[in-house]
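Notes to accompany the following structure.
The residues of the chain are indexed from 1 along the displayed sequence. All figures in this text were calculated on a predicted structure; none of them were measured in a lab.
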Amino acid sequence: MTALSDDRFHELSRLLSAYESTGEVFDDTLEAPGRALKSYLRTAARTPDRAAAALREIDDLLEVGLFSDEIADDVDLLPHIQPPRGAGVEDCLRVVRHHLNQFLTAPPAPDPTVRPQTSWEWTERFPALAHFLGAYFYQDSLEIEYHSHAEAMQDYLTGEPHEDVAQAASEATEFLTLNSTEDELAEAATVLGLREPPPEGVSLRQWLADVRDIIVHRHPRA
């Protein structure tokens, strides 16, 4: 179950989605957060209100009870985690609550130089760029739907909201800076959904820079 809940446990659902990219394994302890929770906390450093919302929702769930009929439909929408032997989901949520509470006591400043460590974190950090790459340059998109990179780009520019296109340009700048080597750039772009190679004779870095410049030219305030 990977659908995100849009109601009572919306942010908790987003938090638990972080565990899907690490195999749903719950590896947090009271002493230290595990890989998935670290990725969530790094993301929340940019918007601490998210962590506060997740904390409130965990408190709500624990107060009502995981198996209460009152929240059964909402709980069904939550992504799964695999508790360690001898522990239950509520035990795991109490550990998460502990780390969220510690985080909110003194939220750290986001570090723009740290590369995301999971596919979930990459998508959370670059959502508009992930949509551009994954929706317009998916596997065989240039055979199935478009005849060229230019045609796909034109469809993107005319079909997406201006604010989303502008955000993609801003994210592309950060994305290029964050991935200093070509191997890092290719790996990260694949994680974001890119499955088509850049135009012949053009490096991936140059193509992404060209995409950004085209957006800025078409939308000067991007």
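Looking only at side-chain heavy atoms (C-beta outward), Lys38 and Pro33 come within less than 4.5 Å of each other. Residues Tyr40 and Arg50 are in side-chain contact: their nearest non-hydrogen atoms beyond the backbone lie under 4.5 Å apart. Side-chain contact check for Phe9 versus Ile71: some heavy-atom pair is nearer than 4.5 Å. Inter-residue side-chain proximity for Ser21 and Gln117 is flagged as unmet; no heavy-atom pair is nearer than 4.5 Å.
In this model, a donor atom of one side chain and an acceptor atom of the other lie less than 3.5 Å apart for Glu160 and Tyr136. For the residue pair Asp111 / Thr113, a side-chain donor-acceptor distance below 3.5 Å is found, with atom types taken as modelled. For the residue pair Glu145 / Tyr138, a side-chain donor-acceptor distance below 3.5 Å is found, with atom types taken as modelled.
With sequence neighbours excluded, no residue forms a side-chain contact (heavy atoms from CB on, under 4.5 Å) with Asp69. Applying the side-chain hydrogen bond (donor to acceptor under 3.5 Å, both in side chains) rule to Glu70 yields the partners Arg8; only residues at least two apart in sequence or on another chain are considered. Residues satisfying the side-chain contact (heavy atoms from CB on, under 4.5 Å) criterion with Leu176, sequence neighbours excluded, are Leu185, Arg205, Leu208, Ala209, Arg212.
Checking side-chain atoms of Ser170 against main-chain N and O of Ala166 turns up no donor-acceptor pair under 3.5 Å. Within the 3.5 Å criterion, the main-chain N or O of Thr29 finds a donor-acceptor partner in the side chain of His99.
Exactly one residue among Arg115, Arg42, Arg35 makes a side chain to side chain donor-acceptor pair (under 3.5 Å) with Glu121. That residue is Arg42.
Ring planes of Trp207 and His149: perpendicular class, angle over 60° (limits at 30 and 60°).
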